[in-house]
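Naming convention: chains lettered A, B, ... in sequence-line order (proteins, then strands); numbering from 1 in each chain.
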Number of protein chains: 2
Amino acid sequence: MPTPPAKRPTLADVARASGVSVALASIVMRGAEGASEESRSRVKQAAAELGYRPDSRARSLRSSRSRTIGLALALGEPLHAELADALYEQADQNGFEIILGATGRHRDERRVLNTLIDAGVEAVIGLFPELPPAQLVHASKQLPIISLLRTIDGIPSVITNEAAGVEQAVSHVAQLGHTRLLHLDGGSAIAAQQRRDAFAESAARANAHGQVLPAGPDDATAFTVLREYLEATTPAERATAVLAFNDRAALGARQAIDLAGLHVPEQICLVGYDDSEFARLAHADLTSVRQDVAALAQAAMHAALNAPGASSTHAPQLVVRGSTARPRA
Amino acid sequence: MPTPPAKRPTLADVARASGVSVALASIVMRGAEGASEESRSRVKQAAAELGYRPDSRARSLRSSRSRTIGLALALGEPLHAELADALYEQADQNGFEIILGATGRHRDERRVLNTLIDAGVEAVIGLFPELPPAQLVHASKQLPIISLLRTIDGIPSVITNEAAGVEQAVSHVAQLGHTRLLHLDGGSAIAAQQRRDAFAESAARANAHGQVLPAGPDDATAFTVLREYLEATTPAERATAVLAFNDRAALGARQAIDLAGLHVPEQICLVGYDDSEFARLAHADLTSVRQDVAALAQAAMHAALNAPGASSTHAPQLVVRGSTARPRA
DNA sequence: CACTAAATCTAGAACGTTCTAGGAGAGACT
DNA sequence: AGTCTCTCCTAGAACGTTCTAGATTTAGTG
């Protein structure tokens, strides 16, 4: 069966059916003041009967109030999914809709940003790992743009206090008695630089020896890098605690550790980052740094809707699980 | 700094700057015929200088050709992410944009569908696990709706041949010599019913004993259910091959197997479904049934754009990895 | 009852595009 | 010259809303 496109009812249809003007029907539909109770109920009933739903294109074209905000994220990132879920909840409370754009292999970030803007959103909340800041600053002259998880000069940014997160992780393992620490970094990923710097500082502060191994945000790179490290070092010189850039990388690291015949956490312990589903998953039971998703979402939505220009930083919280313990005597 | 919204350039601005009418500028911008080469380049240059981008709301309002299609999916599902990526590629080739709507804890599927429709998409491709068919059928009177991975009467559906996938998995382990098979099913998840039925048939056909254990599409349920099974059975009566509903569930199953002190694949072997990133992840090395993402995406896009009403079924492919082997003698 | 204030309603322009219908010029052919 | 057929261009309506400004009704007051 070919699809015969049935025309959807318009505001004019509703007005005609309820015997009022289009303007009044509009007033009723958007809940503005200036209509009597009687016409209100008449119009609403007609709308319900016809199955009328306002056309958000026309609405936003005319009023520049689409009550829609755009969210750019990477699919397949558990943390992004969590944030999106929390943002949906926030949007609900404010009577807003959310439209998503996915960055990924086949869609560069600028394009995603433009698609969202062209679709008529009132603001964009973006998880843009790589988009040049200049582009965001430029776009922010047209509408509010909030950068989530990444600090961008000139753009309100809602981020986690990376230094605090790394510090919690480092001091946790240091207090357990570990003195040789390894950080598998995130390469050029978002926040990788801050975590790298924070790691060096925190290790020094804890009187531990901290080494950074260049890696990346994925499990494959972490696996390869750590395997080489384990092959190239003797047990005596080896680090006894590994801080991965994120949970995914931690799983890759875990694979390398298992392959080398070492036991977690007795011989080497492992800390992830993000406390995503990976951390709780099979085998892993990862100690991980949890970002405050709810607070991040709330702050981002608030910045997008009410307080343009309000950056904020949110404290993470270390979640201790089974992948960290005292070093074996 | 509050954000001073700078007005974005309109087609009228472009027309004025290049000394032609709005209508002609429109012709040039959308690449229609009826403009001389000279004015074409003049308009294009003016547009570039002003940084003009067409307003897709106005465009789609007027022409009902927004060149945008809506995609509804669940965030955090690796398979959905893969499909989205492939669909983006398809959309690119057809000069279409994609906007996403996420179903999830805080956003029911009907709402997502409506948001996409109201945003003016020309068609919707939907991964709707639970939406009542009637709603989709109703919406499909307004615009083409394609159901992906789920058969829905009255709606063109692009799906995987579940029976074939399960058959490949079952006959693989049967040929390895396993005769007691267990299926951790997907509960009420999409395609769960088909896989359940196919499992029973395939097991019978292979002269194997097939038992179905009610579970769900997540790793936690699979873990719990399998742990109880392993505790309640003796090694002699136990199944030696487990087919999980998907890779995520397989990881949960894996956790239960490890906890019971059993070895994969020597003592018990494990097959996943979807061949998602989970299957390749740390520890897992899962044999899994790969859905043909590229073909599914292409068929869905084709159905959405060109051939309303064209359902299709696509063959999956078993990917053999390290989690399956001959039973120990 | 006249006059004003408030409440309720409506006509019509506007948002930024596309599309229809037609006009102006330039050759080409009787 | 006239007529035809092209190609190139443009005016203005239309899409479905919101919004401004004013019209009409109702209620309130002396």
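The phosphate of C/dT17 (OP1 or OP2) has no side-chain N or O of B/S26 nearer than 4.0 angstrom.
With salt bridges taken as basic N to acidic carboxylate O contacts below 4.0 Å, one links B/R8 and A/D118. By the 4.0 Å N-to-carboxylate-O rule, A/D108 lies too far from A/R110 to be salt-bridged with it.
Whole-Å rounding puts the B/R30 CZ to C/dT17 P distance at 12 Å.
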Name the pairs: protein N/O against N/O of nucleotides 9-16 of chain D, kept only if under 3.5 Å.
unit_1 : atom_1 : unit_2 : atom_2 : d
D/dC9  : OP1    : B/S36  : OG     : 3.4
D/dC9  : OP1    : B/S39  : OG     : 3.0
D/dC9  : OP2    : B/S36  : N      : 2.8
D/dC9  : OP2    : B/S36  : OG     : 3.2
D/dC9  : OP2    : B/S39  : OG     : 2.7
D/dT10 : OP2    : B/S21  : N      : 2.9
D/dT10 : OP2    : B/S21  : OG     : 3.0
D/dA14 : N3     : B/R62  : NH1    : 2.7
D/dC15 : O2     : B/R62  : N      : 3.4

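Other residues, nucleotides and ligands place no more than 12 heavy atoms under 6.0 Å from the CD atom of B/E38.
Judged by distance alone, the side chain of B/T68 and the main-chain N or O of B/E97 form no donor-acceptor pair under 3.5 Å.
Two residues are said to be in side-chain contact when any heavy atoms from C-beta on lie closer than 4.5 Å; B/L148 and B/L87 meet this criterion.
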